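Before any comments, here is the structure.
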Amino acid sequence: AKISPNEANAAIRAVVVDLADIVDIAPELIAVVKQHLQRFHPSLADWPDADIAHAIGRGTVDTDASDFLASLNIQLPTDSEPASEGEGQRSTVQLVDSINGTLVNFLEKEALPVNMPSVGVLRALKAELGCLVGAVWNAMGTRVLLEQTGLMDVFDAVVDKSTQDSFGL
């Protein structure tokens with residue numbers, strides 16, 4: 001059944017969008033992250049690009065990379081454990097920090113492609129119904145991403161990995 005704009009306005013006050021649903025993960029970003037991961041641990045060269053893209057979009061590159069290594073019976077030390085002698089392994093905490101830095105550096109240089117029909121719907125919800133629109137992304141660099149794509153004005157609130165870390169979420 002079709003509802004009128006007045007009924008929609010009464011029903012919808014705010015919309016929260018996962019940016020993974022409107023941002024396309026560019027092959028160039030996948031390549032940069034994969035190259036970084038290979039330097040972190042050579043076995044990550046075998047991690048499929050599609051899985052890397054999915055992990056970037058979900059903001060779980062660090063945990064998914066650790067899981068991929070675990071599937072190969074390779075365990076990265078936790079931050080509280082010493083790295084194995086002679087192997088040059090770094091900890092999972094170092095992986096998190098390095099991936100976040102790589103992602104932010106890429107986003108500062110290049111804008112990711114955006115699903116513009118979805119953005120059009122968000123703009124219409126905001127303009128026509130007065131909805132508040134929030135963005136959520138479980139990765140670092142969300143504000144950089146929104147500035148690079150010219151979408152910062154679409155969102156009234158932005159929550160990303162740095163916000164989560166600041167508030168202990």
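As a basis for the values below, the full set of heavy atoms in this structure was taken, side chains included, without hydrogen atoms, waters or symmetry mates. Keep in mind the model is a prediction, meaning the values are calculated, not measured.
Rounded to the nearest 0.5 Å, atoms OG (S43) and CG (N73) are 11.0 Å apart. Within the model, atoms CG of D64 and CD1 of I52 stand 10.0 Å from one another, a figure rounded to the nearest 0.5 Å. Taken from CG in D51 to CZ in F68, the straight-line distance is 8.0 Å, to the nearest 0.5 Å. Taken to the nearest 0.5 Å, the CG atom of L29 stands 6.0 Å off from the CG atom of L103. In this structure, CG on D67 lies 8.5 Å from OG1 on T60, to the nearest 0.5 angstrom. Considering CG of L125 and CG of L132, their distance stands at 11.0 Å, rounded to 0.5 Å.
Taking the side chain as every heavy atom from C-beta outward, V32 and K109 never approach each other to under 4.5 Å. M116 places none of its side-chain heavy atoms less than 4.5 Å from the side chain of V121. Side-chain contact between F106 and V33: absent, with no pair of heavy atoms (C-beta onward) separated by less than 4.5 Å.
In this structure D49 satisfies the side-chain hydrogen bond (donor to acceptor under 3.5 Å, both in side chains) test together with K34, sequence neighbours excluded.
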### Query
Between L69 and H41, does a side chain to side chain contact (heavy atoms under 4.5 Å, CB included) hold up when you go through it step by step?
CA-CA 9 Å; L69 289 173; H41 196 288; 3.8 Å; yes

### Query
Can I30 and Q35 be said to form a side chain to side chain contact (heavy atoms under 4.5 Å, CB included), step by step?
CA-CA 8 Å; I30 296 167; Q35 182 180 29; over 6 Å; no

### Task
Check the pair R143, V158 against side chain to side chain contact (heavy atoms under 4.5 Å, CB included), reporting the backbone distance first and the verdict last.
CA-CA 7 Å; R143 291 179 192 283; V158 176; 3.8 Å; yes

### Task
Run the numbers on V159 and T142 for side chain to side chain contact (heavy atoms under 4.5 Å, CB included), then give the verdict.
CA-CA 8 Å; V159 176; T142 303; over 6 Å; no

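The heavy-atom pair separating K126 from D153 by the smallest distance is NZ-O, 3.0 Å.
A donor-acceptor pair under 3.5 Å links the side-chain atoms of D156 to the main chain of V133, judged by distance alone. Looking only at distances, a side-chain donor or acceptor of Q148 sits under 3.5 Å from a matching main-chain atom of L107. With W137 contributing its side chain and G57 its backbone, the two residues share a donor-acceptor pair below 3.5 Å.
Checking D18, V23, L19 one by one against D21, the side-chain contact (heavy atoms from CB on, under 4.5 Å) holds for a single residue, D18.
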